Amino acid sequence: MKIDYAKELNEEQYRCVIAGDGPIYVLAGAGSGKTRVLTYRTAWLIENGIPPNRIMLLTFTNRAAREMLTRVETLTGLNLRNLWGGTFHHIGNLVLRRMGKSIGLSPDYMIIDESDANSLLNECKTACRIPQERKFPKAKVLKEVISSSISSLQDIPTTLSARFPYLLEFTPDIERIEKEYRKRKRKQNLMDFDDLLYYWQQVLCDGNPIYNFNHILVDEYQDTNLLQAEITDRMAEQVRNIMVVGDDAQSIYSFRGADYKNIRDFPLRYPDTKIYKLETNYRSTPQILHFANQIIERSDARFKKRLIPVRSNGGTPTVVAVRDPYEQARFVVYKVQELAGQGVPYKDIGILYRAHYQSAELEIQLYKSNIPYIIRSGARFFERAHIKDILSYLRVIVNPRDSVSFKRLLKLEEGIGDITAEKIYDRISSVRSPVHKFLSTEPEVAEKAVPGIKNAQKILSSIIKLSPSEAIKFIFESGYKEYLRLTYPDVDERKEDISVLIEIAREYRSLTRFLSEITLSEPATGEDTYFIQRGNDSVVLSTIHRAKGIEWDTVFLIYACDGGLPISRSYESIEQYEEERRLFYVAVTRAKRELYITYPMRSSRAKAYLSASPFLKELDEDAYKMMWL
DNA sequence: AGTCCTACTGTTTTT
DNA sequence: CAGTAGGACT
């Protein structure tokens with residue numbers, strides 16, 4: 001099947017798609033069809049004889065990659081399983097499993113998520129014996145310091161003083177802890193998210209010929225960090241066919257090391273780059289676009305774009321001042337019902353907010369009104385406590401040196417707390433396979449810890465030979481069911497989660513694959529568990545960050561008050577405050593036809609008065625109409 | 001010395 | 001809601 005590119009794309013999109021070789025730089029405004037450009041470009045490359053396994057498509061989320069690849073498959077009519085498409089972390093993992101050996105990594109490393117990385121850091125903190133009387137910043141801050149030091153490829157003290165001046169007095173300690181952290185990760189064969197990028201870059205520095213890709217395409221380039229830019233630059237070093245697509249006005253991930261300099265300086269790094277702009281907005285009505293443009297005009301966005309609407313006129317965006325968060329929830333639900341009455345499907349309605357906790361009142365209200373909704377924020381399925389408990393057994397089987405998981409599973413037993421768990425691990429940590437030693441010895445512990453130890457030993461030795469799903473079933477039946485009942489009030493939901501976990505595990509034969517895939521991706525199956533759903537037609541609740549790249553017919557942005565968006569913390573620096581502005585911009589540009597922005601005049605807990613977001617106050621009066629409730 | 005219960009607090013954003 | 005500090009209990 002031949003694709004008629006000129007017909008299916010507009011002129012500016014078409015030019016990007018058929019642009020020849022060499023570096024290509026696409027500045028794509030919100031709603032201008034950058035996903036379309038990337039998918040058609042990929043299809044075009046394949047049609048022009050580039051082998052799919054020589055194309056790498058780097059996206060920001062797994063969802064985006066999945067969607068694009070499916071689309072390309074439909075366009076070309078080919079099965080593209082061998083095309084390298086996914087997130088940086090996902091592809092980094094694939095690369096390291098195969099090539100990690102060249103830089104001395106063992107190929108069976110385990111990936112740990114943020115919270116396990118934090119636990120490990122805490123271990124290091126204790127191990128380094130930082131004097132108690134020193135008030136030491138939390139592990140979370142530490143983790144941030146460490147990842148920023150890796151991301152910026154600079155030495156720690158410099159980064160520290162630049163980003164966290166108040167931590168300077170701790171620098172020697174932090175260096176010690178960081179050393180210990182790296183040492184432990186190596187010893188326990190663990191990798192955190194940053195490592196996947198860091199070692200990928202190391203592999204590339206090693207100059208491996210397998211990574212000469214013919215074409216590299218990068219989505220959301222404004223949200224890449226220095227390490228990611230380094231990786232793509234390295235990969236494109238020889239063929240120089242690199243296409244980056246992004247929008248500096250939508251850069252909202254600097255907290256994770258994203259650096260707008262990547263997108264700003266791309267033309268400097270590649271002087272022969274072809275620059276294209278996508279300035280036609282297909283998504284929103286002129287009114288919504290006018291509103292969005294006014295927000296971003298006052299920012300320090302580096303590239304001036306003027307988005308031209310093509311849609312016909314719609315309603316003016318509405319700003320609604322409500323008494324308090326309850327009133328806010330009631331207003332949104334009332335409007336949702338009204339829209340539903342007019343025949344708008346629930347799935348065309350998105351409700352956005354800055355932080356997870358801001359969804360609470362709304363959830364209650366939606367639930368009460370029996371409106372189906374999906375919630376795309378909050379603890380992810382695999383990060384929920386009971387899921388992690390179960391998985392800790394599996395992790396230990398695959399990686400007997402994993403101290404965090406090992407201690408976690410011990411502490412589930414009655415009579416074993418932090419200290420006993422620590423002691424047990426301490427005594428066996430020196431051998432190559434601590435867990436096997438644990439299974440074969442009788443640990444000397446207090447009387448009341450003995451039954452717990454016995455039970456842990458029984459479970460571990462039994463599941464060794466089981467498949468992932470059988471193992472989970474076994475763990476659940478051997479005491480965990482009981483533990484759940486005694487620990488949590490919402491047992492049934494958690495049990496339900498575990499049966500979902502069993503279902504997901506059924507798809508896998510290999511434990512290693514199962515575990516690494518679920519730490520890297522939010523699973524398609526797991527999503528369904530923690531929301532009320534009716535068919536596929538549900539209102540979507542999401543943080544603004546997670547709403548990136550998605551659109552809805554009607555969007556509600558809630559908590560648009562001073563302290564809500566911008567969130568209070570952002571007043572710490574001008575950079576953070578400006579990022580809040582871009583966040584606001586991202587939120588409103590999700591809307592196609594209708595936009596409601598609400599803010600409570602009082603908070604729910606304290607009786608403090610709240611005022612409208614400063615970003616709203618800056619706007620011309622004709623940009624929106626005001627409602628008071 | 002260690003476990004476990006209760007009360008309290010304060011919430012950014014994510015691969 | 002989850003992480004933790006303090007205190008009672010073994």
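These figures come from a predicted structure and were not determined experimentally. Excluded from the calculations below are hydrogen atoms, water molecules and symmetry mates; all remaining heavy atoms, backbone and side chain alike, are included.
When the P atom of B/dT14 is taken as reference, atom CG of A/Asp116 falls 18 Å away, rounded to whole Å. Between the CD atom of A/Gln228 and the C1' atom of B/dT14 there is a distance of 12 Å, rounded to whole Å. Atom OH of A/Tyr357 is separated from atom C1' of B/dT13 by 11 Å (rounded to the nearest Å).
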With 3.5 Å as the limit, what N/O pairs link the protein to nucleotides 6-8 of chain B?
none

Could you run down the sub-3.5 Å N/O contacts of the protein with nucleotides 2-4 of chain B?
from: B/dG2; atom 1: OP1; to: A/Lys423; atom 2: NZ; distance (Å): 2.4
from: B/dG2; atom 1: O3'; to: A/Thr420; atom 2: OG1; distance (Å): 3.4
from: B/dT3; atom 1: OP1; to: A/Gly417; atom 2: N; distance (Å): 2.8
from: B/dT3; atom 1: OP1; to: A/Thr420; atom 2: N; distance (Å): 3.4
from: B/dT3; atom 1: OP1; to: A/Thr420; atom 2: OG1; distance (Å): 2.1
from: B/dT3; atom 1: OP2; to: A/Ile419; atom 2: N; distance (Å): 3.3
from: B/dC4; atom 1: OP1; to: A/Gly415; atom 2: N; distance (Å): 2.8

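Of the side-chain N and O atoms in A/Arg546, none sit less than 4.0 angstrom from OP1 or OP2 of B/dT13. Between A/Arg569 and B/dT12 there is a side-chain polar atom (N or O) within less than 4.0 angstrom of OP1 or OP2. Phosphate contact (OP1/OP2 of B/dT12, side-chain N/O of A/Thr543, threshold under 4.0 Å): absent. Put simply, A/His356 has a side-chain N or O that comes within less than 4.0 Å of OP1 or OP2 on B/dT13.
Stacking of the aromatic ring of A/Tyr253 onto the base of B/dT14 is not found under the criterion of centres within 5.5 Å and planes under 30°.
Look at A/Lys388 and A/Glu383 and you find no salt bridge, because none of the NZ, NE, NH1 or NH2 atoms lies under 4.0 Å from a carboxylate O. In this structure, A/Glu578 does not pair ionically with A/Arg582, as no charged nitrogen and carboxylate oxygen lie closer than 4.0 Å.
Ring-plane geometry between A/Phe438 and A/Phe406 is classed as perpendicular, the angle between the planes exceeding 60 degrees on a 0 to 90 degree scale with a lower cut at 30.
Nearer the 5' end of DNA chain B, as judged by each residue's closest nucleotide, is the contact made by A/Ser570, out of A/Phe60 and A/Ser570.
The main-chain N or O of A/Asp402 is never found under 3.5 Å from a side-chain atom of A/Ser405 such that the two would form a donor-acceptor pair.
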